[in-house]
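We number each residue from 1, following the sequence as shown.
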Amino acid sequence: MKKIEAFVRVNKLEEVKNALEEVGLFGMSCEQVRGYGRQLGRTDKYRGSTYALNLLPKMRIEVVVKDEELESAIEAIVSATHTGEIGDGKIIVTEVLDAIRIRTGERGESALS
């Protein structure tokens, strides 16, 4: 099993959700976070004053998938979020040792579906 952690633009959340559902993946967690990468933030004007936004809003999406679903999940996220501009985001994949469904006690991949 693998955990996909994707940091994407806030306005791309619904597109990612729909793309994952199209490839048969129906569970995810998300939260709004703030951070920066190569963008290094941006400057904005508010009431005539210029100020720097060093930490930009992003969505962190977490999905745990079976090994054989990994590539289709990554392709779905990339296709839903790619604009070709700086700030499209990052995807990080890590190994998952175990998953447990609390209600039934199922363990491993059977706890994911």
Side-chain angles (χ1 to χ4, degrees):
M1 294 179 292
K2 303 284 191 265
K3 179 169 94 170
I4 300 170
E5 200 170 357
F7 295 88
V8 302
R9 297 174 192 267
V10 174
N11 63 338
K12 295 291 187 175
L13 175 61
E14 199 63 32
E15 291 176 48
V16 171
K17 180 181 170 288
N18 293 337
L20 289 172
E21 288 175 355
E22 284 178 19
V23 296
L25 299 171
F26 293 96
M28 71 177 205
S29 297
C30 62
E31 65 181 325
Q32 189 165 358
V33 297
R34 295 183 337 156
Y36 73 96
R38 282 193 183 162
Q39 276 175 291
L40 301 175
R42 67 174 190 256
T43 58
D44 273 346
K45 287 193 175 198
Y46 180 72
R47 294 188 179 178
S49 298
T50 301
Y51 63 97
L53 287 173
N54 295 326
L55 298 174
L56 299 175
K58 296 286 183 183
M59 290 303 296
R60 178 170 60 192
I61 300 168
E62 293 182 351
V63 183
V64 178
V65 298
K66 299 173 184 175
D67 290 339
E68 60 269 13
E69 298 170 331
L70 178 63
E71 286 307 316
S72 62
I74 290 172
E75 290 172 16
I77 294 168
V78 169
S79 69
T81 58
H82 177 77
T83 67
E85 299 174 8
I86 292 176
D88 277 352
K90 292 264 189 297
I91 297 175
I92 299 166
V93 179
T94 55
E95 190 75 35
V96 174
L97 299 177
D98 202 0
I100 299 104
R101 185 185 313 270
I102 294 173
R103 179 177 54 87
T104 62
E106 292 172 273
R107 296 184 78 118
E109 288 186 355
S110 62
L112 298 181
S113 49

Quick one: pull up [atom1] in [X] and [atom2] in [Y] and give me the separation to the nearest 0.5 Å.
X	Y	atom1	atom2	answer
Ile77	Lys12	CD1	NZ	13.5 Å
Lys66	Glu109	NZ	CD	6.0 Å
Arg34	Lys58	CZ	NZ	13.0 Å
Glu62	Ser29	CD	OG	6.0 Å
Leu97	Met1	CG	CE	8.0 Å

Does any part of the side chain of [Y], heavy atoms only, come nearer than 4.5 Å to the side chain of [X], both counted from C-beta?
X	Y	answer
Gln32	Val10	yes
Asn18	Leu20	no
Val65	Leu25	yes
Val64	Leu112	yes
Val8	Leu13	no

- prompt: If every non-hydrogen atom of Ile86 is compared with every non-hydrogen atom of Arg9, which pair is closest and at what distance?
  reply: O-NH2, 3.1 Å
task: Only one of Val96, Thr94, Ile74, Asp67 passes side chain to side chain contact (heavy atoms under 4.5 Å, CB included) with Lys2; say which it is.
output: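 The passing option is Asp67.
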Donor + acceptor pair across side chains of Thr81, Asp88 (<3.5 Å):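 No pair is found: no donor N or O on one side chain lies under 3.5 Å from an acceptor on the other.
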message: Is it the case that the side chain of Arg107 and the backbone of Arg101 share a donor-acceptor pair, with hydrogens and angles ignored and the cut-off at 3.5 Å?
response: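 Such a contact is absent between Arg107 side chain and Arg101 backbone.
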